[in-house]
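Just so it is clear, the values below take in all heavy atoms, side chains as well, and ignore hydrogens, waters and symmetry mates. Worth saying up front: this structure is predicted, and the values here are computed from it rather than measured.
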Amino acid sequence: MSETYFARGTYEQYDEYMELINTVFGFKDPEDQFPAFLPKLYRPDLEPAVNSFIAFEDGKMIAAVGHFPVDHVVGDEVIKSIGIGNVACREEVRGQGHMSRLLKLSLQDMIENGVGFAWLGGDKMRYGHFSYEPAALTHYMVINKRSLSHTIGGMDTNYTAVEVQPTDNEYLDFIHELFYAQPYHTIRDRAELYNILCSWNYRPFIIKDSDGNLVGYVDKNGGNISELIFTDTSHVLDGVRALLAICDRLSIRMPEHHHEYIAILEKVSAELVLSTGEMFTVLDFESVVRAYLKLKNTYAKLGDGKFTALIHGYARDEQLAFEVKDGVVSVSKTDAAPDIELDHYEAMRFFFTTFSAKRITGPAPARDWFPAPLFTYGADNV
């Protein structure tokens, strides 16, 4: 009888681990394998197997779930999170519950270690069983030369877009400092910054003004843009013109907290869609809702109000009071009777998605305050 057990991997198991995940995903060419498009995670020295929960059968790896920590700085708060990647199971052992066990082990580890939320890309019908729900407020805009011509009169600009190379330390230092100056950012190791920005075959570009000054940067794959940040919003349109000089069409993914950028870009966009991003699960509603609601209050100026909610979350029940008073946001535990009761999935939609039936019929302040701007940048996805 075969013996199956579940554990984190070790440094010494790197080769076996990479063979497992590349084989399961059908990545045969080294240029198409995990180390090629996620260099920030899959070098031996980064110990990807250690950051994974793995199923073994008779000592052989048969399934794995990548479990990678990322810290999010949201205003004056830091939220611990886990990115889930490379959910892999060998074909001959599928249907035996190995992935369910690994995903549950991952979630239990998060709960024990005070993780605020986790996220992944994948099918709702599959990962919904493990508390994940499509969430995160994301604006998608399509801009092309025709849309610029019909709105602001054309492409003329002296700005330029220059691809960043791994040895361009001046450019990388600028990107790092500008990203960290944002009210929301993740903790990114400066030594790994180039690899982080090259995730998923994206590449960083610097934007220069007519005098050669560095005024912004973009992370892009062809015309797909996952990160677009400037020193000042006065550079946005010329920066877009510079990008359209090297791309026929831009598809820009942008968080709501960059509302000033969105206000400028929507006027020249051929398409504008408000949608959810990846799939998320929140394991500590108190800290996560507080942090992102405080972020929203910096640009949306939330109206005063108060309500209480009992949340039957995946990690635990949380009975919380939500209040905005004189412009100050607070989210805290309470013994007061709840104005609304939510299961885990209802709570995810209530606080973080574009539509929530419970929010529409719930406490009046919630319709003003939510959804909170939960978000992850593409370069941080695993």
Side-chain angles (χ1 to χ4, degrees), residues 3-14 16-18 20-21 24 34 38 40-42 44-57 59 61-74 77-90 93 96-123 126-133 135-136 186-187 189 278-289 291 311-318 343-345 347-348 352 374 376 380-382:
E3 179 186 1
T4 303
Y5 66 96
F6 302 83
R8 283 183 180 266
T10 67
Y11 173 80
E12 291 75 19
Q13 293 169 329
Y14 174 80
E16 184 180 4
Y17 173 78
M18 296 310 302
L20 167 67
I21 62 176
V24 170
F34 280 95
L38 283 174
K40 65 182 180 181
L41 297 178
Y42 290 104
D45 60 296
L46 298 175
E47 300 187 316
V50 176
N51 286 315
S52 297
F53 288 93
I54 301 173
F56 298 83
E57 186 172 84
M61 287 186 185
I62 56 172
V65 168
H67 177 101
F68 299 97
V70 180
D71 287 343
H72 297 251
V73 178
V74 191
E77 304 203 23
V78 178
I79 304 295
K80 293 169 65 175
S81 79
I82 295 292
I84 300 297
N86 67 62
V87 179
C89 185
R90 293 192 190 276
V93 294
Q96 298 180 22
H98 301 311
M99 295 316 309
S100 293
R101 178 74 180 274
L102 291 172
L103 285 163
K104 289 175 181 177
L105 284 173
S106 169
L107 285 162
Q108 187 58 41
D109 183 88
M110 296 181 216
I111 294 167
E112 292 172 358
N113 287 285
V115 169
F117 69 87
W119 84 102
L120 52 76
D123 181 68
R126 182 183 190 188
Y127 294 106
H129 293 290
F130 306 98
S131 78
Y132 291 89
E133 178 77 10
T186 48
I187 300 296
D189 182 353
E278 286 71 37
M279 295 191 67
F280 289 78
T281 184
V282 171
L283 302 171
D284 185 346
F285 283 93
E286 179 181 359
S287 65
V288 174
V289 175
I311 303 165
H312 301 291
Y314 181 89
R316 67 187 73 86
D317 283 359
E318 297 185 61
D343 67 26
H344 178 83
Y345 299 95
M348 290 299 302
F352 302 113
L374 185 63
T376 57
D380 297 310
N381 289 343
V382 304

*Asks:* Evaluate the criterion side-chain hydrogen bond (donor to acceptor under 3.5 Å, both in side chains) for residue pair Tyr17 and Asn86; output intermediate values, then yes/no.
*Replies:* CA-CA 11 Å; Tyr17 173 78; Asn86 67 62; 3.1 Å; yes

*Asks:* Could you work out, with ring pair (Phe, Tyr, Trp, His ring centres under 6.0 Å) as the rule, every residue matching His72, not counting sequence neighbours?
*Replies:* Phe117, Trp119, Tyr184

*Asks:* State whether Arg8 and Asp109 are salt-bridged, where the test is any N-O pair (Lys NZ or Arg NE/NH1/NH2 against Asp/Glu carboxylate O) under 4.0 Å.
*Replies:* yes

*Asks:* Kindly compute the distance separating CD1 (Ile21) from CE (Met61), expressed to the nearest 0.5 Å.
*Replies:* 9.5 Å

*Asks:* Please answer whether the main-chain N or O of Ser131 pairs with a side-chain N or O of Thr281 as donor and acceptor at a distance below 3.5 Å.
*Replies:* yes

*Asks:* Just to verify, what does Phe34 make a ring pair (Phe, Tyr, Trp, His ring centres under 6.0 Å) with, not counting sequence neighbours?
*Replies:* Phe25, Phe27, Phe37, Tyr42

*Asks:* Going by heavy atoms in the side chains, are Phe130 and Ser100 under 4.5 Å from each other?
*Replies:* yes

*Asks:* To the nearest 0.5 Å, tell me how far Thr186 OG1 sits from Asp380 CG.
*Replies:* 3.0 Å

*Asks:* Minimum heavy-atom separation for Val70 to Ser81, with atom names?
*Replies:* O-OG, 2.7 Å

*Asks:* Could you tell me which non-hydrogen atom of Asn381 sits nearest to which non-hydrogen atom of Lys40, and how far apart they are?
*Replies:* O-NZ, 2.9 Å

*Asks:* Is the shortest heavy-atom distance from the side chain of Leu120 to the side chain of Phe280 under 4.5 Å?
*Replies:* no

*Asks:* For Glu278, give me all partners under salt bridge (Lys or Arg N to Asp or Glu O under 4.0 Å), at least two apart in sequence or on another chain.
*Replies:* Arg253

*Asks:* So, taking the atom named OG1 in Thr10 and the one named CD1 in Ile54, what distance separates them when rounded to the nearest 0.5 Å?
*Replies:* 8.0 Å

*Asks:* Would you find a donor on one side and an acceptor on the other, under 3.5 Å apart, between the side chain of Glu133 and the backbone of Gly128?
*Replies:* no

*Asks:* Quick one: salt bridge (Lys or Arg N to Asp or Glu O under 4.0 Å) partners of Asp317, sequence neighbours excluded?
*Replies:* none

*Asks:* Does His344 have any ring pair (Phe, Tyr, Trp, His ring centres under 6.0 Å) partners at least two apart in sequence or in another chain, and if so, which?
*Replies:* Phe285

*Asks:* Using 0.5 Å steps for rounding, measure from the CD1 atom of Ile84 to the CG atom of Leu103.
*Replies:* 7.0 Å

*Asks:* Please check this pair: side chain of Glu77 against backbone of Val74, looking for a donor-acceptor N/O pair closer than 3.5 Å.
*Replies:* no

*Asks:* Given side chains that start at C-beta, do those of Arg316 and Asp284 come closer than 4.5 Å, heavy atoms only?
*Replies:* yes

*Asks:* Between Phe6 and His98, does the side-chain contact (heavy atoms from CB on, under 4.5 Å) criterion hold? Intermediate values first, please.
*Replies:* CA-CA 9 Å; Phe6 302 83; His98 301 311; 3.9 Å; yes

*Asks:* Given side chains that start at C-beta, do those of Ser106 and His67 come closer than 4.5 Å, heavy atoms only?
*Replies:* yes

*Asks:* Does a side-chain heavy-atom distance below 4.5 Å link Asn51 with Pro69?
*Replies:* yes

*Asks:* Any idea which heavy atoms bring Val50 and Tyr11 closest together, and the distance?
*Replies:* CG2-N, 3.8 Å

*Asks:* Would you call Thr4 and Phe56 a side-chain contact if the rule is heavy atoms closer than 4.5 Å?
*Replies:* no

*Asks:* Ignoring hydrogens, what is the shortest heavy-atom contact between Ser287 and Ile79? Give both atom names and the distance.
*Replies:* O-CD1, 3.7 Å

*Asks:* Within the 4.5 Å heavy-atom criterion, are Lys104 and Gln108 side-chain neighbours or not?
*Replies:* no

*Asks:* List the atom of Ile311, the atom of Ala347, and the distance in Å for their closest heavy-atom pair.
*Replies:* CG2-CB, 3.7 Å

*Asks:* Restricting to ring pair (Phe, Tyr, Trp, His ring centres under 6.0 Å), what partner residues turn up for Tyr314, sequence neighbours left out?
*Replies:* none

*Asks:* What are the two closest heavy atoms between Tyr127 and Gly121, and how far apart are they?
*Replies:* CE1-O, 4.3 Å

*Asks:* Could you measure the distance from the CD atom of Glu12 to the CD atom of Glu47? Nearest 0.5 Å is fine.
*Replies:* 8.5 Å

*Asks:* For the atom pair CE (Met18) and CD (Gln13), what is the distance rounded to the nearest 0.5 Å?
*Replies:* 13.5 Å

*Asks:* Check whether any side-chain heavy atom of Arg126 sits under 4.5 Å from a side-chain heavy atom of Tyr132, and report yes or no.
*Replies:* no

